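Remember, it's 1-based here, ligands and their atoms both numbered in the order they're listed. These numbers come from a predicted model, not from an experiment.
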Amino acid sequence: MRRISPVLQQDGVDPDLISLLKTILAACREIAFRVSQGELAGVLGSTLAENVQGETQKKLDVIANELLKEVILETGVVKAISSEEEDTIVPGNPRGRFLVTFDPLDGSSNTDINSLIGTIFSILPADANKEADDASQFLQAGTAQLAAGYVLYGPSTMLALTTGKGTRLYTLDKTYGGFLLTEEHATIPKYTAEFAINMSNQRYWQPAMQRYIADLLQGKEGPRGKNYNMRWIAAMVGDVHRVLCRGGIFAYPRDMKDPTKPDKLRLMYEANPMSFLVEQAGGASSTGYERIMDIVPTDIHQRVAVILGSKHEVETCVGYHKTN
Ligand code: AHG
Ligand code: MN
Ligand code: MN
């Protein structure tokens, strides 16, 4: 149901933070436009470059990163940014009060098949005692986030946003040119019968995850006593959006397919902002062993195992990790 309301204002939220969010959303509207143009704008396909994560960059990864970087640093309220597509942090205004981390384009493998992709972002407080080019200023636990969100470039362009007062969903109204509030309190049901995981990695998971999924797959006849359905969009932003809309469990667990990279998702660009959104909607988020937002990062590009979604299901999955 469409409701016109002050777009981002919420009681007690810092006006500078609101204006920074509006700037990020302006860049996302531009990304949405470029995405919608697809092949017409020549934005599909790969570049010849690899990012710091060792992944081939898609043209859209680079375009989205440049757009976001430019507008965020221009605000003057941001001390530094850290992006999945940048080797190191990029300093901004030394007196800026905020740090911004982002995954400019999540779901890169979906770009060329006209499937779901998105932008994920997180805002942290800047430490006045650190230099703007000091990467250690970013090494804050997810609990320190001031705001987090994603913009999903789907059939509708949607925004999920939290400033720690619940999770709200907005829809981009292209006739009006802005995001309108369409769900004031996203609420993840506590129980679910839907899971999202890349089953092709099954044989590489740790024993706890193997047993958890094996029990789900036994359905009514197994220990869980009900049938589960599976969905996999291959873009965390799409899978988490479904979880915010109707519940479910999403997992990208540790796997030993490439022992040099046991975890896939990035703590600061993906796991922390998504965990904040999910927890604020009544869900839970864990590595299997600890709450994701409690992890104090040791590196800006750190990766982490992720299990998030409907609270009871996440707690059940975490239970399997207690017995190895
Ligand atoms: P990115 O496109 O930013 O590199 O992230 C892709 C991530 C995440 O969005 C998704 O859940 C996962 O990779 C998909 O992994 P598979 O290739 O194993 O399906
Ligand atoms: Mn991503
Ligand atoms: Mn990405």
Side-chain angles (χ1 to χ4, degrees), residues 24 27-28 31 34-35 43-47 49-69 81-87 100-122 148-154 160 194-205 209 213 230-244 248-258 261-275 277-278 285 287 292 300-309:
I24 293 172
C28 290
I31 298 168
R34 308 265 186 119
V35 165
V43 297
L44 304 186
S46 299
T47 66
E50 252 190 16
N51 64 10
V52 65
Q53 323 278 338
E55 300 155 345
T56 304
Q57 284 180 309
K58 296 282 187 164
K59 287 183 194 166
L60 274 171
D61 287 323
V62 177
I63 292 167
N65 186 56
E66 292 302 320
L67 278 167
L68 284 159
K69 182 167 69 171
I81 60 156
S82 180
S83 163
E84 182 186 281
E85 303 298 339
E86 298 281 339
D87 296 4
V100 184
T101 76
F102 52 90
D103 175 357
L105 215 278
D106 179 64
S108 302
S109 71
N110 281 349
T111 51
D112 300 343
I113 57 167
N114 198 24
S115 193
L116 286 182
I117 49 181
T119 295
I120 309 170
F121 57 88
S122 161
Y150 63 75
V151 174
L152 178 71
Y153 310 115
E194 195 162 70
F195 69 100
I197 197 164
N198 185 342
M199 285 296 296
S200 70
N201 294 326
Q202 185 177 27
R203 66 192 185 282
Y204 302 110
W205 298 332
M209 207 60 188
I213 294 291
M230 196 194 90
R231 287 285 182 270
W232 184 248
I233 290 173
M236 186 189 197
V237 72
D239 283 307
V240 170
H241 187 69
R242 185 186 58 256
V243 167
L244 279 180
I249 185 167
F250 164 85
Y252 213 112
R254 173 162 288 201
D255 69 62
M256 286 302 144
K257 189 157 80 177
D258 174 356
K261 262 190 216 164
D263 300 321
K264 168 132 188 179
L265 298 175
R266 274 79 22 154
L267 176 60
M268 309 210 54
Y269 315 122
E270 293 162 325
N272 268 340
M274 293 311 206
S275 299
L277 289 164
V278 164
S285 180
T287 62
I292 285 181
I300 54 167
H301 296 305
Q302 185 168 336
R303 294 169 186 260
V304 70
V306 174
I307 300 161
L308 60 76

Does [X] reach the main-chain N or O of [Y] with its side chain, forming a donor-acceptor pair under 3.5 Å?
X    : Y    : result
K58  : D112 : no
S275 : I292 : no
D103 : I120 : no
N110 : I233 : yes

Is it true that [X] lies under 4.0 Å from ligand 1, counting heavy atoms only?
X    : answer
E270 : yes
G107 : yes
V237 : no

- Vertex the Mn ion (ligand 3), ends L105/O and D103/OD1: angle to nearest 10° comes to 90°
- Message: If I compare all heavy atoms of D239 with all of A234, which pair ends up nearest, and what's the gap?
- Response: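 Closest pair (atom of D239, atom of A234, distance): OD2-N, 3.6 Å.
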- Message: Could you report the tightest heavy-atom contact between H301 and D87, atom names first, then the distance?
- Response: NE2-O, 3.0 Å
What protein heavy atom lies closest to [atom]? Include the residue and the distance to one decimal.
atom                    : result
atom 7 (C) of ligand 1  : L265 CD2, 3.8 Å
atom 18 (O) of ligand 1 : Y252 OH, 2.6 Å
atom 6 (C) of ligand 1  : D106 OD1, 3.8 Å
atom 17 (O) of ligand 1 : K264 NZ, 3.5 Å
atom 19 (O) of ligand 1 : W232 NE1, 3.1 Å
atom 14 (C) of ligand 1 : A234 O, 3.7 Å

- Query: Out of the N/O/S atoms in D106, what is the name of the one closest to the Mn ion (ligand 2)?
  - Reply: OD1
- Item | Of the N, O or S atoms in E270, the one nearest the Mn ion (ligand 2) | OE2
Show the atoms of ligand 1 that are less than 4.0 angstrom away from any heavy atom in [X].
X    : answer
S108 : 2 (O)
M236 : 8 (C), 9 (O), 10 (C), 11 (O)
N198 : 16 (P), 18 (O), 19 (O)
E55  : 4 (O)
D103 : 3 (O)
E84  : 3 (O), 4 (O)

- Residue E84, metal the Mn ion (ligand 2), N/O/S under 2.8 Å: no
- Query: Just wondering, more than 12 heavy atoms not from N198 lying within 6.0 Å of its CG?
  - Reply: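 Buried by this count: over 12 neighbours within 6.0 Å.
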- Query: Do K264 and D255 sit within salt-bridge range, that is, some charged N less than 4.0 Å from a carboxylate O?
  - Reply: no
- Between E55 and R266, does at least one N-O distance fall below 4.0 Å, as a salt bridge requires? yes
- Query: Looking at the rings of F250 and W232, which for Trp means the six-membered one, are their centres under 6.0 Å apart?
  - Reply: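 Centroid distance F250-W232: below 6.0 Å, so yes.
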- Establish, from distance only, whether the side-chain atoms of Y269 and D106 form a donor-acceptor pair under 3.5 Å. no
- Query: Are N51 and E84 linked by a side-chain donor-acceptor pair shorter than 3.5 Å?
  - Reply: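 E84 and N51 do not have a side-chain donor-acceptor pair below 3.5 Å.
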- Determine whether the side chain, the backbone, both or neither of R266 has a heavy atom under 4.0 Å from any heavy atom of ligand 1. side chain
- Message: If we set the cut-off at 4.0 Å for heavy atoms, which region of L105 has an atom near ligand 1: side chain, backbone, both, or neither?
- Response: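 Just the backbone.
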- When you look at S108 and D61, which way does the side chain to side chain donor-acceptor pair (under 3.5 Å) test go after all the steps? CA-CA 7 Å; S108 302; D61 287 323; 2.7 Å; yes
